[in-house]
Amino acid sequence: QVQLVESGGGLVQAGGSLRLSCAASGRTFSDYAMGWFRRTPGKEREFVATISWNSDRTDYSDSVKGRFTISRDNAKSTLYLQMNSLKPEDTATYYCAGGVLVSNRPITYDYWGQGTQVTVSS
């Protein structure tokens, strides 16, 4: 089992930045690819970004490419999402997830955090 806890969400103005963190405990963090997803009420979970276990591969949704950066520190068992140039449409609950595949599909992830709310005001 892997336990994931997100933090760093909050309220920010459009154009601002936030850095989300996801602290992992339990099994070896570096065994897993990691991803960030987001959800708004009434919508499906949306892929944001993913990273391989050793950071040699990353992938982003088109909606965040060039603005968001995913990274990880295996020594600290922590995943990050640096979000710059935030837009009101980025408002959502953000979830980190762990799995064996570098993937943009939620079904491929086995472990999920509880989420952290990001609200971007216009």
Side-chain angles (χ1 to χ4, degrees):
Q1 287 283 344
V2 175
Q3 291 77 44
L4 302 173
V5 179
E6 302 95 337
S7 61
L11 174 64
V12 63
Q13 288 189 329
S17 298
L18 279 176
R19 188 196 198 199
L20 304 184
S21 298
C22 172
S25 61
R27 300 185 67 175
T28 305
F29 179 67
S30 59
D31 284 348
Y32 298 94
M34 298 296 296
W36 286 101
F37 292 80
R38 65 188 182 187
R39 175 181 275 169
T40 54
K43 293 188 177 181
E44 296 290 324
R45 244 176 323 194
E46 176 189 9
F47 166 72
V48 176
T50 183
I51 188 168
S52 60
W53 71 274
N54 62 353
S55 304
D56 70 342
R57 179 182 168 188
T58 59
D59 192 22
Y60 298 89
S61 69
D62 289 342
S63 62
V64 308
K65 198 171 293 183
R67 299 188 298 121
F68 291 10
T69 302
I70 189 171
S71 63
R72 64 190 296 164
D73 185 336
N74 287 343
K76 295 182 178 179
S77 297
T78 304
L79 175 73
Y80 303 100
L81 185 68
Q82 178 66 45
M83 306 187 294
N84 299 329
S85 302
L86 283 160
K87 304 175 181 180
E89 52 264 43
D90 294 318
T91 295
T93 301
Y94 284 72
Y95 300 88
C96 65
V100 296
L101 298 176
V102 178
S103 170
N104 61 4
R105 298 169 61 213
I107 197 171
T108 63
Y109 290 85
D110 300 310
Y111 305 105
W112 292 85
Q114 84 289 347
T116 186
Q117 177 67 35
V118 172
T119 302
V120 184
S121 63
S122 57

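This chain uses plain numbering: 1 for the first residue, then up along the sequence.
- Between Leu81 and Ala49, the closest heavy-atom pair is CD1-CB, 4.4 Å.
- The salt bridge (Lys or Arg N to Asp or Glu O under 4.0 Å) search around Asp56 returns none, not counting sequence neighbours.
- Across every non-hydrogen atom of Tyr80 and Asp73, the tightest pair is CE1-CB, 4.1 Å.
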List the steps and the verdict of side-chain contact (heavy atoms from CB on, under 4.5 Å) for Arg38 and Val64. CA-CA 12 Å; Arg38 65 188 182 187; Val64 308; 4.0 Å; yes
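- Residues Thr108 and Ser103 approach most closely at OG1-OG, 2.9 Å, considering heavy atoms.
- The structure places CD of Gln3 at 11.5 Å from OG of Ser77, a figure rounded to the nearest 0.5 Å.
- Side-chain contact between Thr91 and Gln117 is present, with heavy atoms from C-beta onward closer than 4.5 Å.
- Ser21 OG to Leu79 CG: the interatomic distance, rounded to the nearest 0.5 Å, is 8.5 Å.
- A donor-acceptor pair under 3.5 Å links the side-chain atoms of Asn74 to the main chain of Trp53, judged by distance alone.
- Between Tyr95 and Trp112, the ring planes are perpendicular. Angles over 60° get that label, and only those under 30° would be called parallel.
- Taking CG of Asn104 as the start and CD of Glu46 as the end, the distance is 11.0 Å to the nearest 0.5 Å.
- Tyr60 pairs with exactly one of Ile70, Ile51, Val48, Thr50 by the side-chain contact (heavy atoms from CB on, under 4.5 Å) rule, that one being Ile70.
- The aromatic rings of Tyr109 and Phe37 sit perpendicular to each other, their planes meeting at more than 60°, with 30° as the lower class boundary.
- Among residues two or more places apart in sequence or in another chain, the salt bridge (Lys or Arg N to Asp or Glu O under 4.0 Å) test is passed with Lys65 by Asp62.
- The two residues Ser52 and Arg72 make their nearest non-hydrogen contact at O-NH1, 3.0 Å.
- Looking at Thr78, its side chain never comes within 3.5 Å of a backbone N or O of Ala23 through a donor-acceptor pair.
- In this view, Glu6 satisfies the salt bridge (Lys or Arg N to Asp or Glu O under 4.0 Å) rule with no residue, not counting sequence neighbours.
- Residues Ala92 and Thr40 come closest through the heavy atom pair CB-CG2, 3.6 Å.
- Note: Leu4 CG to Gln114 CD = 9.0 Å, rounded to the nearest 0.5 Å.
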Test log, rule side-chain contact (heavy atoms from CB on, under 4.5 Å), inputs Trp36 and Phe68: CA-CA 11 Å; Trp36 286 101; Phe68 291 10; over 6 Å; no
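- Listed by first then second residue, pairs satisfying disulfide (SG to SG under 2.5 Å) with a partner in residues 8-106 read Cys22-Cys96, not counting sequence neighbours.
- The heavy-atom pair separating Thr116 from Gly8 by the smallest distance is OG1-N, 4.3 Å.
- Checked against Thr119 for a side-chain contact (heavy atoms from CB on, under 4.5 Å), the options Asp90, Leu18, Leu11 give a single hit: Leu11.
- In this structure, the separation between OG on Ser71 and CE on Met34 is 11.5 Å, given to the nearest 0.5 Å.
- Residue pairs that meet the side chain to side chain donor-acceptor pair (under 3.5 Å) test with at least one member in residues 9-19, sequence neighbours left out, are Ser17-Asn84.
- Applying the side chain to side chain donor-acceptor pair (under 3.5 Å) test to Ser61 and every residue at least two apart in sequence or in another chain returns Ser63.
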